[in-house]
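Data first, discussion second: the structure below is written as C-alpha cells.
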Amino acid sequence: PLYLVISDIPTPLAIPFGFFPFTREKTSGLILPSYGESELRGFALEGLGYYWAINDYFDLKAMGSIYSKGSMKGSIASRYKKRYKFGGEIKIELEKIVEGDRGTSDEEKTKAYSFIWSHNQDPKAHPNSSFAANVNLRNSETNRYSTNPDQHIQNTVNSSINYSNNLVGTPFSFNAQLRHTLNTIDSSVTMTFPSINLNMKRISPFESLKITKKPNIINKIGITYRSKFENRFTVHEDDLFKQEVVEQFKYGVKHDIDISSTAKFLKFFNFSPSANYSERWYFNSIRKKQDNSIFENEPEQYTNGKLTIDTITGFNRVYDYSIGASVNTTVYGLFSFQPYIPIEAIRFVHTPSIGYSYKPNFETDRYGYYGIIEGTENKTYSYYENGIYGTPSGGKSGSITLSLSNQIGMKIRTPKDTVNSTKKIDLLKQLSFNTSYNLAADSMNWAPLSMRASTNLFKRINITGGATLDPYALDPKT
C-alpha cells in the first residue's frame, strides 16, 4: 500500500497501490472485479476472473460474479486465430438468478444459459469454399432477466452456421445451412436442421450446335436447375432436446428446372418461350375423416362432429409445371423543333409486350393431390397441405398478359454552356400499364389494370405514383 507521510513522519493512512508493467508478450494474470449494487439482486462483485495466455493461437478467460441476494454467474471464453486461415471466439455462460426479497412472495429463482460462437474464414484460405458461424444459443430467461437494456427488449435471437462450395470445373454450387430462431415472448424455438442446396448455373447445351450461321432459338436454349432438402420444426425451448421433437419434423426435397430461350423475328420483335417444372418429394401424407357423431368433451358440453387426421408414411412425388411465351418490341419516336426554340427535341420510347402462360388444374383426380374429406360432401383438402414446400395450386390458368411501358425525355439547348450545347431532361422516367386476361376462367376474366408512373424533379426529388382499376368493382352508391 501507499502510506501518507507528513514531515517525514508516516501516518497509518494508506491507499492501495500497484505497478503493472507492460510487456510485448502475452501475459496471464488475475482480472480485478468491479463493485456495484442492484435493486433486484443486491450488492455485487462482478467480473472477477483469470486470463490465461496459452499461446499465439488461442487464449482462455474465466470470470464470475456474485450478488448478495444469491445470484451467481460464471463464464468461460476463448479466442482463437490462425493468420490467413480462420478466427473466432467461443463463450459459455451459466447463471443462477435470484431476485426480490428472500422468503417473500416477490422472490424469483431461475436459471439462464448461453452459448456464443462466432467463426470466420479468411477468403484467401479456400477461394472456392467458405465456412462461417454465428451461433447464439440461449434460453428465454437470459434475455428476460438481463441487466443489459438492449438484450432485455430483444424479442428474437438468431443463429446460423453456413458452408458453401463452388464445385470447380462444373456449373454446380453447394450450400449447407443450419438456422435457429428463439422467440423470447412465447419461448418457442424454430430450427432448420439442415438446409442443403445444390444449384446449377444457366447452361446452353445446344450452343455449339451449328444449324445456321446466326444463332437461332435452339442455340439459345438455356437450362437452370435447383435442388433443395430441408428439415424444419418448431417446439417449446424446454422440449428442444427431447425425443418427442422428432414428431414435429417437416422435411422434404424440391427440384426446380427452368428452360428458356429467345429469338428475334421480323427484325424488330423478340420472342421468348419458357417452361418451368417443379417436383417435391414428401415422405408422408395425410387423410382427413369427419365423424358426425356427438361427442361430450366436458360435463354438459357437447361437440357436433369431430375431424380426425391420419398420417400415412410413404414416398410421394408431387409435381407441377407451367409453360409460357412472350413477344415484345421497342418503338422510338422523336420530335425535333426549329433552331429558334429552346427545346431541341422530345424523345418517346414505347415498349409493348404480350405474353401467354398456361398451368393445368392440379386439383383433378388425374394428379391425385386433392381429395374430399371423408364424411362430407364437397369439402376439398390436399393430401400434402402440411408439406414443407406446399402443394400445387388448384384451378386451371391460361392467361394473356398485356403491358405497355413508356418513357419521355427532352433535350434543351444551352447556349451559355461552352462545353455542352444541349442538356437532357427526363420528363417521365416511367409510365406503365399492366393487366391480364384468363382464358380458362368461366367469368371475370380480366385482372385489375395497374398503372405506375415516376419522374424526377431537378435531379433531386423523386416522385412515384400508382393506381389500380378493377373492372369488376362494385359502386357502393348503386
Side-chain angles (χ1 to χ4, degrees), residues 198-200 202-203 205-206 217-218 220-230 250-263 270-288 309 312 314-328 353-374 376-403 434-450 470-472:
L198 180 66
N199 298 320
M200 184 185 75
R202 179 183 172 91
I203 61 173
F206 308 108
I217 193 170
I218 302 296
K220 294 182 179 180
I221 291 178
I223 302 174
T224 60
Y225 169 76
R226 300 177 302 277
S227 179
K228 184 176 184 179
F229 167 75
E230 192 168 285
K250 294 178 65 174
Y251 53 91
V253 181
K254 186 179 181 183
H255 308 274
D256 292 294
I257 300 176
D258 301 326
I259 304 174
S260 62
S261 184
T262 182
N270 299 312
F271 174 64
S272 302
S274 63
N276 309 98
Y277 177 84
S278 294
E279 181 169 310
R280 306 159 184 84
W281 291 354
Y282 292 141
F283 303 93
N284 55 59
S285 60
I286 63 171
R287 296 296 186 270
K288 293 184 178 182
I309 301 177
I312 301 175
F315 178 76
N316 302 275
R317 290 176 58 247
V318 183
Y319 65 89
D320 66 310
Y321 57 87
S322 63
I323 57 174
S326 65
V327 177
N328 67 78
S353 175
I354 181 172
Y356 175 76
S357 62
Y358 170 77
K359 180 185 74 66
N361 182 9
F362 294 102
E363 199 171 337
T364 60
D365 296 337
R366 170 188 174 184
Y367 299 98
Y369 302 157
Y370 290 82
I372 297 177
I373 299 177
E374 185 179 347
T376 66
E377 295 181 359
N378 54 6
K379 289 185 178 181
T380 305
Y381 74 103
S382 172
Y383 302 138
Y384 312 101
E385 61 185 31
N386 292 334
I388 191 171
Y389 302 115
T391 188
S393 59
K396 183 179 179 181
S397 174
S399 297
I400 298 175
T401 58
L402 304 170
S403 67
N434 298 275
T435 188
S436 63
Y437 185 86
N438 190 356
L439 297 173
D442 55 1
S443 62
M444 303 176 68
N445 305 76
W446 283 102
L449 174 66
S450 62
D470 191 343
Y472 306 108

Quick one: list whatever passes ring pair (Phe, Tyr, Trp, His ring centres under 6.0 Å) with Tyr389, sequence neighbours left out.
none

Taking the side chain from Asn438 and the backbone from Gly398, do they hold a donor-acceptor pair closer than 3.5 Å?
yes

For Asp258, what residues pass the salt bridge (Lys or Arg N to Asp or Glu O under 4.0 Å) criterion, not counting sequence neighbours?
Arg226

Report the residues that fulfil side chain to side chain donor-acceptor pair (under 3.5 Å) with Asn328, sequence neighbours left out, ordered by chain and then residue number.
Asn270

How many angstroms lie between atom NZ of Lys250 and atom CG of Asn284, to the nearest 0.5 angstrom?
10.0 Å

Identify the two heavy atoms, one from His255 and one from Tyr225, that lie closest to each other, and give their separation to 0.1 Å.
ND1-OH, 2.8 Å

I'd like to know if the side chain of Tyr381 reaches the main chain of Lys288, judged simply by a donor and an acceptor atom lying under 3.5 Å from each other, with no hydrogens or angles considered.
yes

From CD1 (Ile259) to CD1 (Ile323), nearest 0.5 Å:
11.5 Å

Taking C-beta and beyond as the side chain, do Pro205 and Ile223 meet within less than 4.5 Å on heavy atoms?
yes

Non-hydrogen side-chain atoms of Tyr383 and Thr391 separated by less than 4.5 Å:
no

Quick one: salt bridge (Lys or Arg N to Asp or Glu O under 4.0 Å) partners of Glu363, sequence neighbours excluded?
none

Atom pair CD1/CG of Ile373 and Asn378 - distance to nearest 0.5 Å
10.0 Å

Arg366 meets the salt bridge (Lys or Arg N to Asp or Glu O under 4.0 Å) criterion, sequence neighbours left out, with none

Taken to the nearest 0.5 Å, the spacing of Asp256 CG from Tyr277 OH works out to 10.5 Å

With sequence neighbours excluded, residues passing side chain to side chain contact (heavy atoms under 4.5 Å, CB included) with Tyr356:
Tyr358, Ile400, Leu439

Under 3.5 Å donor-acceptor, Tyr369 side chain and Tyr319 backbone
yes

Under 6.0 Å between ring centres: does that hold for Phe315 and Trp281?
yes

Within-4.5 Å side-chain heavy-atom neighbours: Pro392 and Tyr367:
no

Identify the two heavy atoms, one from Tyr437 and one from Asn445, that lie closest to each other, and give their separation to 0.1 Å.
CE1-CB, 3.2 Å

Distance-minimising heavy-atom pair for Ala325 and Phe271:
CB-CE1, 3.8 Å

Looking only at heavy atoms, what is the nearest atom pair of Ser227 and Val253, with distance?
OG-CG1, 4.4 Å

For Ala447 and Thr435, work out which heavy atoms get closest and say how close.
O-OG1, 3.0 Å

Atom pair CZ (Phe206) and CD1 (Ile218), whose distance is rounded to the nearest 0.5 Å:
7.0 Å

To the nearest 0.5 angstrom, please state how far the OG1 atom of Thr224 sits from the CD1 atom of Ile257.
9.0 Å

Taking all heavy atoms of Lys396 and all of Asn361, pick out the closest pair and write down the distance.
N-CB, 3.6 Å

Side-chain contact, heavy-atom cut-off 4.5 Å: Lys359 with Asp320?
no

With the side chain counted from C-beta on, respond yes when Ile217 and Pro273 share a heavy-atom pair under 4.5 Å apart, and no when they do not.
yes

